[in-house]
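Remarks on the structure that follows.
Computation of the quantities below employed the complete heavy-atom set of this structure, encompassing side-chain atoms and omitting hydrogens, waters and symmetry-equivalent molecules.
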Amino acid sequence: MAQMLIGGEWVNSRSGNSIEVLNPATGETVDTAPRATAEDAREAIDVAHAAFLVWSEWPQAKRADVLRRSVELFRMHEKELATVLTKEQGKPIREAILEIRRFAHTIEYYAGLGKNIRGGYIPQISENTYGLIIKRPLGVVGAIVPWNFPVSLMGNKIGPALLAGNTMVIKPAETTPLTDLRVVGLFLEAGLPSGVMNVVTGQGSVVGEEIVTNPKVRKIGFTGSTEVGRRVMASAAQGIKRVTLELGGSDPMIVCDDADIDDAVRAAATGRFFNCGQACLAIKRLYLFDSIADDFTERLVARVKKLKVGHGLAEGTIVGPLHSATQRDEIEAQVQDAIDRGARVLAGGERLRGDGFDGGHFFAPTLLADVPEDARVASEEVFGPALPIFRVGSLDEAIEKANDSIFGLGSSIWTNDLNRATRAAERIEAGYTWINSAQIIYDELPFGGFKQSGLGKEHGTEALDYYTETKSVVVSTKPTSPNVKQ
């Protein structure tokens with residue numbers, strides 16, 4: 001059985017209870033992890049609170065050195081970590097390797113900022129007075145991590161939090177704790193002091209609730225659904241805690257009549273079906289100009305029908321299973337709702353059964369045409385391998401429909417017209433817009449959602465602002481006597 005980390009020690013829950021971690025492709029048990037109690041979480045918070053007094057006094061460059069040494073270990077253990085990730089999450093091994101590399105890059109990026117957290121100096125703000133702007137860490141940070149990208153999304157919180165001098169209590173998703181535990185163990189090997197980072201496994205209603213409400217936790221970094229994000233924000237508000245929320249999305253992709261069709265088709269297929277469509281930041285609504293809609297759709301259907309679905313460790317697998325039976329049931333219900341309202345299935349549309357699929361949560365990559373605007377796949381977040389296709393007559397119509405959503409996470413436009421691209425970038429209500437580019441996140445750019453897709457920023461130097469306090473200091477000096485020698 002895997003163990004959780006509290007105060008530099010690998011421990012079981014004081015309750016003795018455990019959680020089975022199941023392989024989404026087979027239903028078989030991969031391992032078990034402790035089902036922690038609120039008391040376990042409280043102990044981890046207390047340990048992190050004590051460790052903060054030491055870690056926050058370390059020079060930034062010294063903290064960065066620990067992050068840098070950790071990255072070397074992640075890369076040494078890349079294949080091992082990716083294999084565990086595939087087994088517990090379900091994604092193809094090639095995607096799991098990409099996730100481990102994405103995580104390592106994020107930690108490396110923040111290690112590179114080790115001497116760049118700066119305050120400020122304001123001379124002569126009044127007579128014989130100057131001002132200082134001090135940046136200081138918050139204290140204990142709680143990180144609540146989802147199951148779809150359990151490692152890379154944990155890294156989005158670890159990098160800025162640790163570099164800024166905070167200590168952490170991390171709660172992995174109940175169904176994907178194993179890779180996170182192994183990764184954090186490598187931080188210890190790299191010299192991270194005991195208690196600086198703690199990992200408590202268990203239920204969100206128990207462990208997560210203690211992290212969100214405990215007064216010693218000063219900041220919550222949460223990635224997950226908008227529905228749960230609302231509850232986290234409401235609970236955190238009782239203690240006036242800082243929150244960073246990366247929530248749901250329904251990203252529009254607009255393809256204009258002057259776009260490079262082949263490139264856009266490839267981007268649509270990858271952007272929708274990567275990780276079996278289980279991503280907040282993914283193409284979930286496709287808007288095609290009328291004049292190119294038929295050609296584009298024909299090419300996309302042909303490409304999607306060639307995607308190989310299977311076990312994540314099987315050679316050639318492009319699309320793995322959905323993470324759980326609940327996820328499969330949800331996507332199945334959303335697709336059926338669209339069909340019942342008159343949508344046409346162009347590809348997929350059903351769960352996969354038979355040899356190689358028994359025991360797993362498989363659903364065929366699905367494309368839907370003639371989808372009504374009030375269908376669930378148009379109005380809700382679709383967290384699975386289904387993509388609705390809509391026809392539009394103009395860019396203004398496409399942008400209006402793209403913005404007709406409670407979500408505003410990512411977006412993309414494909415056009416060779418600079419004016420169109422600029423208009424879309426300025427008017428689409430989303431935290432990220434890609435122009436003629438696949439949906440790839442960069443550590444150098446801030447990432448966060450508009451509207452109900454989130455609050456605050458991850459990535460970039462901007463993320464450090466959400467893990468530090470800004471304090472103003474006023475210093476009054478006596479005037480120097482002209483008779484005093486300098």
Side chains of L153 and N148 in contact at under 4.5 Å (non-hydrogen atoms): yes
Any donor-acceptor N or O pair under 3.5 Å, side chains K157, T223: yes
Donor-acceptor under 3.5 Å (E444 side chain, G460 main chain): no
Main-chain N/O of E458 paired with N156 side-chain donor or acceptor, under 3.5 Å: no
No-hydrogen, no-angle side-chain donor-acceptor test under 3.5 Å, D329 and T326: no
Any donor-acceptor N or O pair under 3.5 Å, side chains T477, N128: no
Side-chain (D443) to main-chain (H459) donor-acceptor, under 3.5 angstrom: no
Beyond-backbone contact of E189 with L186, side-chain heavy atoms, under 4.5 angstrom: yes
E108 side chain to H105 side chain, donor-acceptor N/O pair below 3.5 angstrom: no
Any donor-acceptor pair under 3.5 Å from N214 side chain to K216 backbone: yes
Charged tip of K219 within 45° of Y467 ring normal and under 6.0 Å: yes
Worked check of side-chain hydrogen bond (donor to acceptor under 3.5 Å, both in side chains) between E39 and T37: CA-CA 5 Å; E39 289 74 20; T37 64; 3.3 Å; yes
List the atom pairs, donor and acceptor, that lie under 3.5 Å between side-chain atoms in residues 25-35 and the rest of the protein, sequence neighbours left out.
from, atom 1, to, atom 2, distance (Å)
T26, OG1, E28, N, 3.1
T29, OG1, E20, OE2, 2.8
R35, NH1, E174, OE2, 3.3

Main-chain N/O of I220 paired with K241 side-chain donor or acceptor, under 3.5 Å: no
D337 (side chain) donor-acceptor with R376 (main chain) under 3.5 angstrom: yes
Backbone N/O of G202 and side chain of K171: donor-acceptor pair under 3.5 Å: yes
Side-chain donor-acceptor pair present, T433, S411, cut-off under 3.5 Å: yes
CD1 on I117 to CG on L464, rounded to 0.5 Å: 5.0 Å
E332 and R328: CA distance, side-chain angles, deciding distance, salt bridge (Lys or Arg N to Asp or Glu O under 4.0 Å) verdict: CA-CA 6 Å; E332 192 171 44; R328 183 188 57 196; 5.5 Å; no
Plane angle bin for W434 and Y432 - parallel if under 30°, tilted between 30 and 60°, otherwise perpendicular: parallel
R242 side chain reached by E469 side chain, heavy atoms, under 4.5 Å: yes
Under-4.0 Å salt bridge between R68 and E72: no
A386 backbone acceptor or donor facing T366 side chain under 3.5 Å: no
E88 vs T179, side-chain hydrogen bond (donor to acceptor under 3.5 Å, both in side chains): CA-CA, chis, key distance, verdict: CA-CA 8 Å; E88 66 174 339; T179 318; 2.5 Å; yes
Positive for side-chain contact (heavy atoms from CB on, under 4.5 Å) with L67, one of L163, L113, L192: L163
Backbone N/O of V319 and side chain of K91: donor-acceptor pair under 3.5 Å: no
From CG (L81) to CG (L73), nearest 0.5 Å: 10.0 Å
From CA spacing to verdict: side-chain hydrogen bond (donor to acceptor under 3.5 Å, both in side chains), T175, H323: CA-CA 9 Å; T175 54; H323 183 60; 2.7 Å; yes
Modelled atom types, side-chain donor and acceptor of Q439 and D251, under 3.5 Å: yes
Pairwise side-chain contact, V212 with I144, heavy-atom cut-off 4.5 Å (strictly under): yes
Short side-chain donor-acceptor distance under 3.5 Å, H311 and T317: no
Closest contact, heavy atoms only, L247 versus G229: CD2-CA, 3.7 Å
Pair W147 + F383: ring centers closer than 6.0 Å: yes
N166 side chain to A161 backbone, donor-acceptor under 3.5 Å: yes
Close aromatic pair by centroid cut-off 6.0 Å: F74 and F187: yes
Donor-acceptor side-chain pairing of K457 and T244 below 3.5 angstrom: no
Check: Q327/Q278 side-chain N/O donor and acceptor closer than 3.5 Å: no
